[in-house]
Amino acid sequence: MTRAGTVMTDEPNPTAPAVDESFLTAARRAKLARIIELGHDPWGSRFDDRQSIGEIRARAGEILFRRSSGIDLELPSLDTEEQRAAFRGWLAEQGAGEMAGPRVRAAGRIVLSRDAGKLKFIDIRDMTGQIQLFVGKAQVSDDWELAENFDLGDIIGVDGSLRRTKTGELSIFAESLYILAKSLETPPEKHSGLQDAELRQRQRYLDLIYNEGSLDRFLQRTQIVAAIRKTLGDRGFVEVEGPTLHAIAGGAAARPFTTHHNALDIDLYMRIALELHLKRLLVGGIERVYELGRVYRNEGISPRHNPEFTMLEAYQAYGDYRTMMDLTEECICEAIQAIGGSRDVGCEPRVIDASDRPASLAMSRSPVATCYELPWGDKKINFCRPFARKTYAELFQQHTRVSAQDEVAVAKLAKSLGLETAGRHPDVIKNDVFEAKVEDQLVGPIFVLDYPASICPLTKRKADDPAVAERFELFVGGMEIANAYTELNDPDLQEELFRSQLAGLSEEDSMAKMDQDFIRALRHGMPPAGGLGIGIDRLVMLLTNSASIRDIILFPLLRPEK
RNA sequence: GCUCCCUUAGCUCAAUUGGCAGAGCAACUGACUCUUAAUCAGUAGGUUUUAGGUUCGAGCCCUAAAGGGAGCACCA
């Protein structure tokens with residue numbers, strides 16, 4: 001393993017210069033040195049055949065009380081405080097004897113420690129749970145002094161037997177102890193954890209270790225993403241990996257990050273969307289295709305925006321936006337199920353009536369009633385399939401008392417809301433009003449259908465009304481979660497829409513957006529298709545009841561420290 | 001980029017009207033072989049984010065900077 005010119009420095013070096021030689025770390029370094037004196041490597045090594053704490057806890061039923069007479073007794077159940085109290089009485093009645101349980105080996109981080117004379121109670125935690133070690137000076141003999149040099153935060157291993165203490169606490173009665181990694185820093189306060197939002201983000205590892213729910217939340221994120229992949233995979237969607245470095249940053253109207261390729265000497269953009277390359281793959285014959293990956297937008301940071309975020313885009317040939325509505329419901333409901341969302345919470349399967357379903361919109365297949373209820377802030381949100389479906393125009397009318405068709409009245413309303421109207425397209429003004437007055441109100445889940453065509457340059461128009469685009473957005477908890485189109489596959493119209501869209505932009509921006517190869521691909525023929533985008537971060541926020549996107553992104557962007 | 005708010009011991013938080021900077025946890029010393037946020041006794045730990053200013057006196061008032069938070073702008 002040693003390469004020429006490299007010196008392996010396996011020898012622990014307790015005299016290494018400390019960055020912060022405060023009295024707290026000095027105490028830990030003194031223990032580090034003492035552990036080395038005792039003949040242990042404070043940085044540990046491979047630790048085979050351990051069981052997870054979750055697995056070990058599951059073996060509690062194997063513990064027996066062995067009376068001196070040789071008769072083994074099963075222990076009473078110990079799930080509640082009453083049962084624990086009863087256990088203590090029961091144990092006192094048994095007289096002479098001792099607990100006997102399976103031999104186990106565990107490893108984890110010390111999160112709590114209580115000394116009681118020649119006894120130590122050490123709580124260790126691994127990814128699956130937490131358990132108490134019972135460490136007696138007489139019982140561990142040689143390892144007692146090692147244990148005396150343990151600190152909160154150290155990662156240790158233990159061999160012992162699984163038993164219960166006299167108070168009923170499931171514990172590993174230690175026989176041998178191992179130091180696997182010394183911790184030289186002081187952990188956060190043990191009751192309240194790490195509260196400071198900045199420290200929680202910068203030092204996410206501490207948040208994960210010490211804040212209740214943090215690790216679970218991020219594991220749930222992984223489960224949600226895995227469930228979405230499974231949902232799509234089960235339906236024949238092919239996952240692909242498109243380029244993240246784009247010569248042309250298209251597919252959305254966001255400002256890209258720029259970067260530079262040295263050998264080619266060209267500026268490149270970090271992708272702002274997945275759309276245009278996935279549609280090329282529809283042309284190429286991948287009839288159901290998706291990508292679940294990172295996009296980058298050079299925009300402001302807020303509780304709902306991080307400059308890099310995870311987006312799902314899925315395209316299905318021979319479908320349309322109604323197809324994608326069903327797919328959206330399936331992805332979300334199966335994700336809820338994957339994280340253990342409660343099912344059938346008494347929400348009556350709703351009958352889709354005229355108010356939910358515009359006459360023009362036929363369900364593409366009969367809905368399956370599936371009901372989940374999740375907390376969202378101080379509210380609860382019911383995810384009952386099918387989700388409500390209302391048109392943009394209906395919702396506009398309902399929440400503003402103004403007809404979306406009445407451009408004069410809409411402009412007047414916009415002005416009264418303090419929105420800029422001069423020189424703007426009526427549909428843009430209308431959409432500003434919609435965003436200001438309607439979106440926040442949509443607790444949902446609700447599909448908003450049929451957007452003004454002029455704000456949807458990549459979307460097919462309705463056959464009977466070219467002013468309306470076949471697009472929906474799914475709103476839940478006031479957030480836009482999904483956005484889907486019947487994809488525009490007319491190359492000439494697409495080019496025209498791009499040009500009119502770009503008319504207002506500077507030459508430089510215009511060049512950045514006009515993707516001639518994409519138009520050329522459409523000219524070769526793209527099947528009619530439905531396309532869906534889901535903002536994964538916002539979906540995870542919603543499903544984990546998180547108020548800030550920074551709570552569900554492991555390492556959100558922060559200014560560099562100092 | 002703009003506005004407002006926050007920053008006190010390693011961590012979590014106090015500090016009255018501008019009047020001696022405090023507690024809990026963590027640490028250190030001691031007691032305890034069944035603890036559960038263990039308990040008890042004692043010890044130590046501070047450039048109050050930074051740089052200026054006002055004042056007899058500033059954690060507190062003023063100015064600026066840094067970092068964070070909320071909102072706005074940006075985000076078809």
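Side-chain atoms are counted along with the backbone in the values below, which use heavy atoms only and exclude waters and symmetry mates. By convention in this document, chain letters (A, B, ...) are assigned in the order of the sequence lines, proteins followed by strands, and residues within each chain are numbered from 1.
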When rounded to the nearest Å, what value does the distance between P atoms of B:G19 and B:G57 take? 14 Å

Give the nucleotide from the list B:G68, B:G71, B:U33 with an atom nearest to the side chain of A:P303. B:G71

To the nearest Å, how far apart are A:R304 CZ and B:A70 P? 12 Å

How long is the line joining CG of A:L558 and P of B:U7, in whole Å? 19 Å

Starting the side chain at C-beta, find the nucleotide from B:C11, B:C75, B:G68 nearest to A:L199. B:C11

Partner nucleotide of B:G71 by Watson-Crick or wobble geometry (both distances under 3.5 Å): B:C2

Scan A:E198 against the nucleic acid and name what it touches under 4.0 Å (heavy atoms): base, sugar-phosphate only, or nothing. sugar-phosphate

Any strand, both distances under 3.5 Å, Watson-Crick or G-U wobble: B:A27 pairs with B:U43

Residues A:S214 and A:D207: side-chain donor-acceptor under 3.5 angstrom: yes

Taking atom types as modelled, find out whether A:Y392 and A:N431 have a side-chain donor-acceptor pair closer than 3.5 angstrom. yes

Taking the nucleotide of RNA chain B with the nearest heavy atom to each, does A:T186 or A:A254 sit closer to the 5' end? A:T186

Classify the side-chain pair A:S192/A:Q195 by whether it contains a donor and acceptor separated by less than 3.5 Å. no

Could you label the plane-to-plane angle of the A:F396 and A:F434 rings as parallel, tilted or perpendicular, counting under 30° as parallel and over 60° as perpendicular? parallel

For atom C1', what is the distance between B:U49 and B:A38, given to the nearest Å? 37 Å

Output the single nucleotide from B:C34, B:A27, B:C28 whose closest atom is nearest the side chain of A:L152. B:A27

When we call it a touch if two heavy atoms are under 4.0 Å apart, what does A:E299 touch: a base, just sugar-phosphate, or nothing? base

Taking pairing as Watson-Crick or G-U wobble with both contacts under 3.5 Å, can you name the mate of B:A21, or confirm there isn't one? none

With a 3.5 Å limit on both atom pairs, tell me what B:A58 is paired to, counting Watson-Crick and G-U wobble, or say none. none

Please give the nucleotide sitting opposite B:U33 as a Watson-Crick or G-U wobble pair, both distances under 3.5 Å, or none. none

Nucleotide of B:C13, B:C11, B:G68 approaching A:R559 most closely (side-chain heavy atoms): B:G68

Classify the side chain of A:E169 and the base of B:U35 as holding, or not holding, a donor-acceptor pair under 3.5 Å. no

Is it true that A:K279 and A:D515 make a salt bridge, defined as a side-chain N closer than 4.0 Å to a carboxylate O? no

Taking only side-chain N and O atoms of A:K190, does any of them lie within less than 4.0 angstrom of OP1 or OP2 on B:A26? yes

Using atom CZ of A:R550 as one end and atom P of B:G69 as the other, report the distance to the nearest whole Å. 4 Å

Quantified in whole Å, what is the C1' atom distance between nucleotide B:U16 and nucleotide B:G59? 14 Å

Expressed in whole Å, how much space separates the C1' atoms belonging to B:C20 and B:U48? 15 Å

Please determine whether the number of non-hydrogen atoms from other residues, nucleotides or ligands lying under 6.0 Å from atom CZ of A:R66 exceeds 12. no

Watson-Crick/G-U partner (both atom distances under 3.5 Å) of B:A15: none

Distance in Å, A:R471 CZ paired with A:T486 OG1, rounded so as to fall on 0.5 Å steps: 12.0 Å

May I ask you to say whether A:E145 pairs ionically with A:R34, meaning some side-chain N is under 4.0 Å from a carboxylate O? yes

Looking only at B:G68, B:C75, B:C25, the nucleotide nearest the A:E189 side chain is B:C25

Is any NZ, NE, NH1 or NH2 atom of the basic residue among A:E169 and A:R84 found under 4.0 Å from an Asp or Glu carboxylate oxygen of the other? yes

Salt bridge or not between A:R200 and A:D551? Use side-chain N to carboxylate O under 4.0 Å. yes

Separation of the C1' atoms in B:G71 and B:A64, to the nearest angstrom: 23 Å

Of the listed nucleotides (B:C34, B:A76, B:C75), which one gets closest to any side-chain atom of A:N431? B:A76

Return the residues of residues 106-126 of chain A meeting this criterion: a heavy atom under 4.0 Å from some atom of RNA chain B. Order them by number, or give none. A:L112, A:R114, A:D115, A:A116, A:G117, A:K118, A:L119, A:F121

Does A:R200 reach a base, just sugar-phosphate, or nothing at all? Heavy atoms under 4.0 Å. nothing

Is there any protein nitrogen or oxygen under 3.5 Å from a nitrogen or oxygen in nucleotides 43-47 of chain B, and what are the pairs?
none

Side chains of A:S454 and A:D427: is there a donor and an acceptor less than 3.5 Å apart? yes

Just how far, in rounded Å, is C1' of B:U35 from CZ of A:R163? 16 Å

Separation of A:L194 atom CG from B:G68 atom P, in whole Å? 15 Å

For B:G69 versus B:A27, give the span between their C1' atoms, rounded off to a whole number of Å. 31 Å

Given B:G10, B:C74, B:C34, the nucleotide with the shortest approach to the side chain of A:R255: B:C74

Sort out the partner of B:A51 for me: Watson-Crick or G-U wobble, both distances under 3.5 Å, none otherwise. B:U63

What integer distance in Å separates A:Q195:CD from B:C6:P? 19 Å

Less than 3.5 Å apart, any donor N or O on the side chain of A:Q494 or A:D490 sitting next to an acceptor on the other? no

Counting any heavy atom closer than 4.0 Å, what does A:F134 reach on the DNA or RNA strands: base, sugar-phosphate only, or nothing? base

Any chance the side chains of A:R550 and A:N306 put a donor and an acceptor closer than 3.5 Å? no

Touch class at under 4.0 angstrom, heavy-atom based, for A:G136 against every strand present: nothing

Under 4.0 Å between a side-chain N/O of A:R28 and OP1 or OP2 of B:G10, yes or no? no

Remember a base hit wins even if backbone is also touched, and classify A:Q201 as base, sugar-phosphate or nothing at under 4.0 Å, heavy atoms. sugar-phosphate

From A:N211 CG over to A:D216 CG, what is the distance, rounded to the nearest 0.5 angstrom? 12.0 Å

Report the nucleotide, chosen from B:U33, B:U12, B:C25, that has the shortest atom-to-atom distance to any side-chain atom of A:S192. B:U12

Using atom OH of A:Y210 as one end and atom P of B:G10 as the other, report the distance to the nearest whole Å. 17 Å

Mind checking the P distance from B:A23 to B:G42? Whole angstroms is fine. 13 Å

Please measure how far the P atom in B:G22 lies from the corresponding atom in B:U43, and state the result in whole Å. 15 Å

Value in whole Å for how far the C1' atom of B:C75 lies from CG of A:D537: 15 Å

